[in-house]
Amino acid sequence: MLQPCEEVIDFTANIAYEDDILYRHFENIIVKNSDLTRKLVSNQANKTTAHFRWYKYKEAFSSDLVLYLLSKYNIDTGLVLDPFAGAGTTMFAASSQGLGSDGIELLPIGQEIIKTKILIYDICMEDEDIINEIKDFINARSWTKNGENINFDILPITAGAYPPETDKKIKRLLNDIALLNSKTKEVLFFCLLCILENISYTRKDGQYLRWDYRSGRRAGQNPFDKGNILDFDSAFTDKCHEVIEDIGCLSKVNTHEIGHINLYKGSCLKILPTIPANTYSALITSPPYCNRYDYTRTYALENAILGVDKKLIIELRQEMLSCTVENKKKNLLNLNKDWQAAIDICDESHLLQSILDYMDYLKANKLLNNNGIATMIRGYFYEMACVIYECYRTLKPQSYMFMVNDNVKYAGVSISVDLILSQIAEQIGFSVEEIMVLPRGKGNSSQQMGSHGRDELRKCVYVWRKA
Ligand SMILES: C[S@@+](CC[C@H](N)C(=O)[O-])C[C@H]1O[C@@H](n2cnc3c(N)ncnc32)[C@H](O)[C@@H]1O
């Protein structure tokens, strides 16, 4: 095994020293919280919850987590924001409690999920009967018969993603739903989106799509078997029935108790500065983690069906908060000159700078397994500082901001994302009330485990309050 050279030892010792100082600064408010199970803080708890179970957005947290935070911190009036809305968990959970909610989401798949869920809520409120139209459509099973097709093969990376019979049925279905009234069409299209992964040869796996050996794609050394690939007819009709069943429950809710929901489409780095100060009573969010996950690749099946082409995907990847090794540096001051204050705070963060110095050293000496890691980590924290600055500005005084995030590890060094972001928040003006830690942390990516052993990384919910 290679022995680390003296310079590496100096860098890592310096990081450990700065980490220890910051840890001691927050020590009294870093609290293990046994209410915060993995299930609650991930999408798992949504799998059995009406309305939240339709689309399994892997990076989501649960609606129960949002309800838990709203109740624990007595948030029962006003408007709630999620600047990284994903599938809209914060928005719909807050709305179910009568609170208004705004969400900002950049990627088309999240926007489509939120848009269709809003449409379904509207349908229930207006008492329109599209349920019978959906039932008639699924009973007719027109997609099993010969007829016109609509093609969706626009992305090379998704070519051959479905068994041939399924591929044919999707194209037939796309054609036939296009002939329906627009609301019915949108709900049926959404049901199709919800099943794409399960009827395909692929599985979402963080940084990319994994391909099952049955796809015929080159399998490499360890062929992947995703298990049961669902049959199109039953997967689609089951999903439609699930949605119909939940629409039925929603229709029984007193619709006056549902808060207004509003989606902004685009990057929160562009949209947040346009929102007036002191707008929100709470902010509940989970940004992308600093973990190289590439949402634009893992949602390729959905992008293809949504008509998002290769060029737009590349643009979206660059617009996302930096969390992949392909992200280039963003010119933050061009977006908003007021962010100089947030940038200065990052420049002065001793822990962050010690990590960035180490990453730059590793990059210069070709010791990183991907050079983009250094740019990603730098971009992640500087961009997050600007987002936190805007969150502070748009929150009402005394209001809470909650953030779900994981610590990460690169080149053998644990990066305390919780400490760095909380220090940035504190310097922006938040009072850091608590860093709630899940009882069990997270191991590391398999790549990291091989060379550096398994460390537990804190998974946390940060509780910050505007002074
Ligand atoms: C961890 S997920 C949030 C999931 C969400 N809490 C839920 O329960 O569905 C992070 C989200 O941030 C979105 N995102 C990334 N960069 C963004 C940006 N610059 N502006 C707005 N959304 C962004 C991603 O597309 C992703 O949906």
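Counting starts at 1 for both ligands and their atoms, following the listed order. Computed from a prediction, not measured in an experiment: that's the story for all the values here. Keep in mind that the numbers below use all heavy atoms, side chains included, and drop hydrogens, waters and symmetry copies.
The parts of Phe84 lying near ligand 1 are both backbone and side chain, judged by heavy-atom distances below 4.0 Å.
Taking 4.0 Å as the cut-off between side-chain N and carboxylate O, Glu390 and Arg393 count as a salt-bridged pair.
Taking any N or O of Ser267, backbone or side chain, at least one lies under 3.5 Å from an N or O belonging to ligand 1. In terms of polar-atom proximity, Leu321 is counted as a contact of ligand 1, with an N or O under 3.5 Å from an N or O of the ligand. Polar contact check, Ser286 against ligand 1: no nitrogen or oxygen pair lies under 3.5 Å apart. An N or O contact shorter than 3.5 Å links Phe61 to ligand 1 by distance. Considering backbone and side-chain atoms alike, Tyr57 places an N or O below 3.5 Å from some N or O of ligand 1. Between Pro287 and ligand 1, no N or O atom pair is found at a separation short of 3.5 Å.
Under a cutoff of 6.0 Å and an axis angle of 45°, Lys117 and Phe52 form a cation-pi pair.
When each atom of ligand 1 is checked for a heavy atom of Gly266 under 4.0 Å away, the hits are 20 (N), 21 (C). Each of the atoms 19 (N) of ligand 1 lies under 4.0 Å from some heavy atom of Glu319. The Ala87 neighbourhood of ligand 1 comprises atoms 7 (C), 9 (O), with distances under 4.0 Å to a heavy atom of that residue. Ligand-side atoms of ligand 1 in range of Ala60: 4 (C), 7 (C), 8 (O), 9 (O), range being under 4.0 angstrom from any heavy atom. Remark: ligand 1 atoms within the under-4.0 Å shell around heavy atoms of Leu107 are 25 (O).
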Which pairs of donor and acceptor atoms, one on a side chain in residues 191-198, lie under 3.5 Å apart (sequence neighbours left out)?
from: Glu197; atom 1: OE1; to: Lys58; atom 2: NZ; distance (Å): 3.2
from: Glu197; atom 1: OE2; to: Lys58; atom 2: NZ; distance (Å): 2.9
from: Glu197; atom 1: OE2; to: Lys204; atom 2: N; distance (Å): 2.9

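Among all non-hydrogen protein atoms, the one lying nearest atom 22 (N) of ligand 1 is Leu106 N, 3.4 Å. Atom 13 (C) of ligand 1 has Glu105 OE1, 3.3 Å as its closest protein atom, hydrogens excluded (heavy atom only). Counting protein heavy atoms only, atom 4 (C) of ligand 1 is closest to Glu59 O, 3.5 Å. Protein heavy atom nearest atom 20 (N) of ligand 1, with residue, atom name and distance: Cys268 N, 2.8 Å.
Taking only non-hydrogen atoms, the option from Leu272, Ile113, Val66, Thr89 nearest to atom 8 (O) of ligand 1 is Thr89.
No side-chain donor-acceptor contact under 3.5 Å links Arg53 to the backbone of Thr48.
Between Tyr73 and Phe402, a ring centre-to-centre spacing shorter than 6.0 Å is recorded. In this structure, Phe92 has its ring center closer than 6.0 angstrom to the ring center of Tyr121.
Under the 4.0 angstrom criterion for non-hydrogen atoms, Pro83 is in contact with ligand 1. In this structure, Ala85 has a heavy atom closer than 4.0 Å to ligand 1.
Shortest non-hydrogen contact noted between Ser200 and Lys226 is O-NZ, 2.9 Å.
Looking at Lys330 and Ser322, their side chains come closer than 4.5 Å, going by heavy atoms from C-beta outward. The side-chain heavy atoms of Lys466 and Asn278, taken from C-beta on, include a pair separated by under 4.5 Å.
Residue-environment remark: NZ (Lys328) stays at or below the threshold of 12 foreign heavy atoms within 6.0 Å.
Applying the ring pair (Phe, Tyr, Trp, His ring centres under 6.0 Å) test to Tyr462 and every residue at least two apart in sequence or in another chain returns Trp464.
Below 30°, between 30° and 60°, or above 60°: for His51 and Trp54 the angle between ring planes is above 60°, a perpendicular geometry.
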